[in-house]
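Taking it in order: structure first as structure tokens, then the write-up.
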There are 2 protein chains.
Amino acid sequence: MSRRTGAVTMHDVAARAGVSIKTVSNVLNGYQYIRPATKEKVETAIADLGYQVNLTARNLRRGRTGLIGLAVPELSLPYFAELADSVIRAAEARGLTVLIEQTGSVRERELEVLTGQRRHLTDGLIFSPLELGPQDVDALDVDYPMVLLGERIFGGPADHVTMSNVDGAKAAVRHLLDQGRRRIAVVGAHEGETVGSAALRMQGYREALQDAGLGVDPALIGEAGLWHRATGAEAMHRLLDSGVELDAVFGLNDALALGALHALHARRIDVPEQIAVIGWDDIEETAYSSPTLSTVSPGREQIARTAVDLLLARIDDPDSDRPYERVIADFTIVGRESTLGDAAPATSPLSTSAVASG
Amino acid sequence: MSRRTGAVTMHDVAARAGVSIKTVSNVLNGYQYIRPATKEKVETAIADLGYQVNLTARNLRRGRTGLIGLAVPELSLPYFAELADSVIRAAEARGLTVLIEQTGSVRERELEVLTGQRRHLTDGLIFSPLELGPQDVDALDVDYPMVLLGERIFGGPADHVTMSNVDGAKAAVRHLLDQGRRRIAVVGAHEGETVGSAALRMQGYREALQDAGLGVDPALIGEAGLWHRATGAEAMHRLLDSGVELDAVFGLNDALALGALHALHARRIDVPEQIAVIGWDDIEETAYSSPTLSTVSPGREQIARTAVDLLLARIDDPDSDRPYERVIADFTIVGRESTLGDAAPATSPLSTSAVASG
DNA sequence: TTGTATGCGTTATCAG
DNA sequence: CTGATAACGCATACAA
């Protein structure tokens, strides 16, 4: 599209090289049986003219664009920015280009993504919905390759990559218990929800407490619809205002935990001396907050790679009746100052440490 | 591309509606002179068949894709993630879709972006180089619409949107001086460079000190090639190790300043009691760090909007000989705890305050 | 107001 | 090994 001047096409190259247009195409596409002499003629012609294939024309003809969509809530949420980074790299390694779409976690826009015009520009979609749920399986039954990310829809008509929510949450809470904490609050719960990350991580939280012979105190459950820093700070303030006794906080993601940290700092409450904090996502920021934030590292790179691979497999063989796969990424607990205090591993900028894994 | 089944085309719609393909096209493109009855026939046929235009074909025919490229170093750098977010929104408002490309601030990849295949898929490019410089004006003289972001190339052959580097830096340092600071260090300087953000912000730094009747102490200048949290922390440690006396730090961007904050925290140095810190970019994280970080808000939204508008103007009129524009975004100083301490405006999650502007 | 025919730049199908 | 030629699906000049 871009070239304003000249728009040199295969015809021009063919003319200059004294061959047919098909031969130029053959050279371009690495066709085996070309006489070296011919090939060279064509290649110098290409170089002389500065010819580049017109991708739009190629795409039309081939019925493929080499583009895949990545639909996420928003890039200003660090986890999704880092995820996008990983997906772009993984896709690039396989010769694919990523088209990012922001849904703003608005239900309508999530539905739009599935049927919108952009789908005609992409060979497939990696979709991380935050609002759609089991009631939307019909809308998710699309006729193009798609890989779902996250835990809102299971058994849906698509390949699926999820985090190890229950086990990861369990390990996070166990990590807090190991530091001698007993009154462990949660920030980010979604009251009444039975699907999604919140519900699953809450389940891990309960199981860990039960395993430790502890009960679940509803007063320790802090709600937060959106998982942003702001909502995390608000939920933390509410918990503290309620007067409930607590010595640790499990932020259901890092943004919430960082918001909680912010609130604790504002109230001059020492972390982890008085209250320990752990988050989830292992975004880069957690290694630099004050104190540094312990967190669950959910295998972002693996998720990105797996998603791209699954998608590519569907793109390459659209008629395959291979059953839909579900991949659960490996996680790691990263212990930092917010739970370990000065015992935390070297505060050297990039160091983290795996305390448990599964 | 995506639809596997059926691939219903305009022909099918035309057949079903009992009209010609041209009429269908007319309806689709909002042609004025269509008999209402015909229009309706076509529209129901479209609905019945679930027809959607094939964008690739349309693009080939129209010679436009509706896609614009956005080339940035990497999305894991919060400023660029937030910039991408803003650009995507601005583009969407104008009916454009954004294709993000990561250069990793690697010189070769920055050059590749300019000539790569992807340029054939986009109508124009918004480019934020970190390595290219004045010596590369030739490479930047491309024959497609482009808008440059940043301050590495001036007077180049393209429209250009920059931050108010000198004045912003001057205001930042003045803000520190206003708090009574006199030994103001810098983190992120690029020794010997004469172009780019580092050089310009250093100029503002010097001018502010001069205006205050103070000299520039080279011992207070901390180098940092990459502007990441890690390098900011390292530079801060070096400054402290050097034993030089200082009561404030100007991080040339927020990542550096947050890294510095991290280093100061590790050494149990109180901010701002002992050392005040100010950054640049106003990324969301700065409103939640402990302490919250004062910063220069460089007008990200304005930059995004302006860049998209300038690009679109070039796309819409490629033959215009309108001279290349240079737009300088407005900035604001946001005073938070890292310079104002408890005097900082309400620590409510979203509040910031404009102390000066220009 | 609507239909016919042509071409956008490639790739694919055949012959040769 | 290479060359004509026909699509791919849409938009438009030109006719009607």
Q: May I have the step-by-step check of salt bridge (charged side-chain N to carboxylate O under 4.0 Å, His left out) for A/Arg107 and A/Asp136, ending in yes or no?
A: CA-CA 11 Å; A/Arg107 188 185 153 73; A/Asp136 299 297; 2.9 Å; yes
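Comparing B/Val19 and A/Lys22 along DNA chain C, the residue whose closest nucleotide (by nearest heavy atom) sits nearer the 5' end is B/Val19.
Using a 4.0 Å heavy-atom cutoff across all strands shown, B/His11 reaches no nucleic acid atom at all. If you check every strand for non-hydrogen atoms under 4.0 Å, B/Leu28 touches nothing.
Taking both residues in full, the closest heavy atoms of B/Glu301 and B/Ser86 are given as OE2-OG, 3.4 Å, listed atom of the first, atom of the second, then distance. Closest of all the heavy-atom pairs between B/Ala84 and B/Ile100 is CB-CD1, 3.9 Å.
Distances shorter than 4.0 Å separate some side-chain N or O of B/Asn29 from OP1 or OP2 on D/dA11. An OP1 or OP2 oxygen of C/dC8 is reached within less than 4.0 angstrom by no side-chain nitrogen or oxygen of A/Thr56. Phosphate contact (OP1/OP2 of C/dT2, side-chain N/O of B/Thr23, threshold under 4.0 Å): absent. The side chain of A/Thr9 contributes no N or O atom lying less than 4.0 Å from OP1 or OP2 of C/dG9. Dashed line: the shortest gap from a side-chain N or O of A/Arg35 to OP1 or OP2 of D/dC1 is not under 4.0 Å.
Side-chain atoms of A/Arg61 stay outside donor-acceptor range of the base of C/dT10, with no qualifying N/O pair under 3.5 Å.
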